[in-house]
Every structure is written in structure tokens, then in C-alpha cells.
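Pasting in a structure now, in C-alpha cells, and then I'll have a few things to ask.
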Amino acid sequence: MMKKLTLDFYTRKDVIQIARDLIGKILVTHLPEGITSGRIVETEAYMGLTDRASHSFGGRRTARNEHMYASGGSSYVYICYGMHQMFNVVTNEKDVPDAVLVRALEPLEGVEIMLKRTGKKKLDYTLTRGPGNLGKALGIHKGLSGLDLRDERLFIADDGFNAKPEDIVVTKRIGVEPAGKDALLPYRFILRNNKYVSARKS
DNA sequence: CCGGGGATTATCT
DNA sequence: GATAATCCCCGGC
């Protein structure tokens with residue numbers, strides 16, 4: 001049974017714990033094309049103010065990252081490299097810009113719709129592996145930034161799946177080398193042995 | 001298997 | 001004008 005995560009899940013202060021807890025949950029979009037969903041198998045935590053890899057490091061606040069400062073339980077979607085729609089879960093209280101980047105899903109509902117959106121011919125591990133790919137497959141775009149994650153169009157739910165603690169692997173984050181020593185922080189969580197996890201070395 | 005580079009454009013300086 | 005929380009393809013071994 002699917003149960004939307006409630007606000008108290010998101011407003012906790014420990015973004016690292018929330019990133020870990022999101023492993024195994026289900027991300028759902030219900031847009032005009034239909035319902036698409038997938039199980040979250042890879043996340044990264046971004047510790048707003050103190051994390052050089054975060055868009056909001058040092059309190060930086062611009063039109064792009066404004067939604068990071070919303071209260072926990074809303075979305076932050078931004079465009080990377082001019083073409084990829086990156087989906088983040090905003091956590092903590094209002095004005096504390098912590099967020100979790102969702103990096104990979106295992107497809108569940110609406111595979112046909114995802115194939116149409118991505119132009120792929122058949123389901124394989126590339127459909128929802130990597131933040132750019134999953135954003136495209138689920139139809140996520142900048143216009144969905146700032147939504148409450150209990151919205152009908154975009155929400156996260158629990159279906160009772162419970163990852164064993166030993167099946168959650170922790171590594172450093174991907175693609176954040178310019179952040180210097182902060183790039184080495186153990187803020188990435190993946191579900192062990194899942195083929196949809198982005199395949200780069202940790 | 002691995003590294004290099006091009007795609008493509010919103011965003012910020 | 002430079003950069004970017006990426007992805008894909010290609011060539012070399």
C-alpha cells in the first residue's frame with residue numbers, strides 16, 4: 001500500500017539521515033501523460049550553508065536556488081548543463097537550505113510513458129539511472145520546482161519496502177570535484193546491488 | 001575497460 | 001564570457 005510521506009519526515013533537521021531514509025521510497029509524478037513512478041535507489045545530501053558543493057553555500061541566495069530556502073517537504077528543480085532537469089527534496093525548516101538530490105530510480109509504473117518521454121526503445125538500466133535521466137523519464141521540469149511533495153502531481157510515498165541497514169551503501173558524491181575537500185564527504189547513499197544505481201566509481 | 005570531449009543553454013559574474 | 005550537483009559516444013588499449 002502506498003502512503004504519501006508526511007511533513008514530519010521532511011522537516012527533520014538531519015538532511016543526511018533523510019537522504020538515507022529516502023532510499024527505497026517511491027517517487028511519483030502524475031502529469032497529463034499519466035502516472036509514472038520509481039523506487040529511489042540513489043540519493044545525495046547537500047548541507048545548505050556549510051557545504052561547498054551546495055548551491056546555497058554560505059547563504060548564497062538567487063532566483064535559481066530560492067526554493068532551497070522553502071520549508072522541508074517541497075521540491076527544488078534546477079537545470080544543469082543547460083539541459084538536465086535535476087530533482088531535489090527540500091528538507092529542514094524554512095530558510096535553512098538543505099536538500100537531497102535524487103540520483104536514480106528503479107522504474108515501477110508508467111514505463112511506456114517514460115520510454116516515450118526519453119525516446120528510448122525498451123526498458124533498460126539507462127532509463128532512470130542518473131539525475132538527468134530520471135528527471136526526463138518522469139517528466140520533471142523547472143516548472144514543478146517549489147511544489148509541496150504531497151501534491152497530486154509530484155509526491156513521494158512509502159509502500160512498505162524497508163531496506164536493511166546493511167544494504168544501504170555510503171560513498172562520496174558524484175560530479176562535485178570543484179567543492180574541494182567537501183567533495184569527499186560521505187553524503188551519497190545507494191541501494192546495494194541495484195542495477196539502476198549510477199555506475200560510476202565512488 | 002577506460003579516458004576524453006562534445007552537446008547545449010540557464011545562470012551568474 | 002565562463003561555468004555547470006550530466007550524459008553519451010567514440011577511440012584506444
Side-chain angles (χ1 to χ4, degrees), chain A residues 15-16 18-20 22-23 27 38 40-70 72 74-92 96-107 114-146 149 154 156 169-191 194-202:
Chain A
V15 66
I16 314 300
I18 295 172
R20 178 186 289 269
L22 280 169
I23 296 293
L27 175 61
I40 296 170
V41 298
E42 176 176 357
T43 61
E44 283 179 357
Y46 285 82
M47 278 254 272
L49 299 176
T50 61
D51 178 355
R52 287 187 179 279
S54 169
H55 291 161
S56 52
F57 172 67
R60 184 183 173 78
R61 192 161 182 162
T62 67
R64 175 177 71 155
N65 72 8
E66 179 60 29
H67 289 142
M68 287 188 86
Y69 289 84
S74 54
S75 65
Y76 169 47
V77 182
Y78 71 92
I79 296 175
C80 183
Y81 290 95
M83 61 185 123
H84 302 296
Q85 311 279 340
M86 313 282 275
F87 171 73
N88 296 253
V89 175
V90 176
T91 72
N92 212 317
V96 180
D98 293 348
V100 177
L101 172 67
V102 177
R103 292 189 54 88
L105 303 175
E106 177 176 337
M114 297 192 220
L115 291 172
K116 186 178 284 187
R117 283 182 181 138
T118 56
K120 292 179 190 291
K121 296 278 189 291
K122 62 179 177 55
L123 172 61
D124 68 14
Y125 66 90
T126 67
L127 185 63
T128 51
R129 179 186 73 162
N133 289 332
L134 80 86
K136 193 170 185 183
L138 292 211
I140 291 170
H141 56 85
K142 200 178 60 165
L144 299 175
S145 193
L149 288 175
L154 175 63
I156 299 177
V169 181
V170 187
T171 78
K172 69 180 183 182
R173 294 172 293 183
I174 302 291
V176 294
E177 290 75 11
K181 64 176 169 49
D182 285 353
L184 302 177
L185 293 168
Y187 286 179
R188 175 170 175 251
F189 298 91
I190 62 185
L191 190 57
N194 188 282
K195 63 182 173 180
Y196 292 93
V197 168
S198 63
R200 301 192 212 174
K201 67 168 59 158
S202 54

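Just so it is clear, the values below take in all heavy atoms, side chains as well, and ignore hydrogens, waters and symmetry mates. A, B, ... follow the sequence lines: proteins, then strands. Residue 1 opens every chain.
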Using a 4.0 Å heavy-atom cut-off across all strands, classify R52(A) as base, sugar-phosphate, or nothing.
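The residue R52(A) makes no contact with any strand.
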
To the nearest Å, give me how far apart CD (Q85(A)) and C1' (dT6(C)) are.
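One finds 12 Å between C1' of dT6(C) and CD of Q85(A), rounded.
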
Can you tell me how far CE of M47(A) sits from CG of D182(A), rounded to the nearest 0.5 angstrom?
9.0 Å

Name the closest nucleotide to the T62(A) side chain, picking from dC8(C), dA4(C), dC12(B).
dC12(B)

Nearest-angstrom distance from the residue atom OH of Y81(A) to P of dA4(C)
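So the two atoms are 7 Å apart, to the nearest Å.
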
What integer distance in Å separates M83(A):CE from dA5(C):C1'?
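To the nearest whole Å, that distance equals 14 Å.
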
Interatomic distance, Y76(A) OH vs dT11(B) C1' [rounded to whole Å]
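It works out to 10 Å between those atoms.
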
Measuring from the side chain of R64(A) (C-beta onward, heavy atoms only), which nucleotide among dC7(C), dC12(B), dA4(C) has the closest atom?
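Closest nucleotide to the R64(A) side chain: dC12(B).
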
Which is true for M86(A) with a 4.0 Å heavy-atom rule: it touches a base, it touches only sugar-phosphate, or it touches nothing?
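Result for M86(A) = sugar-phosphate.
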
For the side chain of K142(A), starting at C-beta, report the closest nucleotide among dA10(B), dA5(C), dT6(C).
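Out of dA10(B), dA5(C), dT6(C), the nucleotide with an atom closest to K142(A)'s side chain is dA10(B).
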
K136(A) side-chain N/O to dT6(C) phosphate OP1/OP2 under 4.0 Å
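No, K136(A) has no side-chain N/O under 4.0 Å of OP1/OP2 on dT6(C).
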
Rounded to whole Å, please give me the gap between CD in E42(A) and C1' in dC7(C).
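So the two atoms are 14 Å apart, to the nearest Å.
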
Salt bridge present between D124(A) and K195(A) (N-O < 4.0 angstrom)
no

Whole Å only: how far is the NE2 atom of H84(A) from the C1' atom of dT11(B)?
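That distance rounds to 16 Å.
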
Quick one: label T126(A) by what it contacts on the DNA or RNA (base, sugar-phosphate, nothing), any heavy atom closer than 4.0 Å.
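Counting heavy atoms under 4.0 Å across all strands, no contact is made by T126(A).
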
Distance check needed: dC8(C) P versus L127(A) CG, whole Å only.
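Rounded to the whole Å, the gap is 10 Å.
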
With a 4.0 Å cut-off on heavy atoms, is N133(A) in touch with a base, just the backbone sugar-phosphate, or nothing at all?
sugar-phosphate

Could you walk me through whether Y46(A) and R173(A) pass the side-chain contact (heavy atoms from CB on, under 4.5 Å) test, one step at a time?
CA-CA 10 Å; Y46(A) 285 82; R173(A) 294 172 293 183; 3.3 Å; yes

Out of dC7(C), dC12(B), dA5(C), which has the shortest distance to the side chain of P131(A)?
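Out of dC7(C), dC12(B), dA5(C), the nucleotide with an atom closest to P131(A)'s side chain is dC7(C).
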
Does R103(A) make a side-chain N or O approach to OP1 or OP2 of dT6(C) shorter than 4.0 Å?
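Looking at the OP1 and OP2 atoms of dT6(C), one of them is under 4.0 Å from a side-chain N or O of R103(A).
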
Heavy atoms from C-beta onward define the side chain here; which of dC7(C), dA5(C), dT13(B) lies closest to that of Y78(A)?
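Ranking dC7(C), dA5(C), dT13(B) by closest atom to the Y78(A) side chain puts dA5(C) first.
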
Separation of dT13(B) P from N65(A) CG (nearest whole Å)
11 Å

Looking at every non-hydrogen atom in both residues, tell me the closest pair between V197(A) and R129(A) and how far apart they are.
O-CD, 3.4 Å

Heavy atoms from other residues, nucleotides or ligands near CZ of R52(A) exceed 12 (cutoff 6.0 Å)
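Check fails, neighbour count at 12 or below.
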
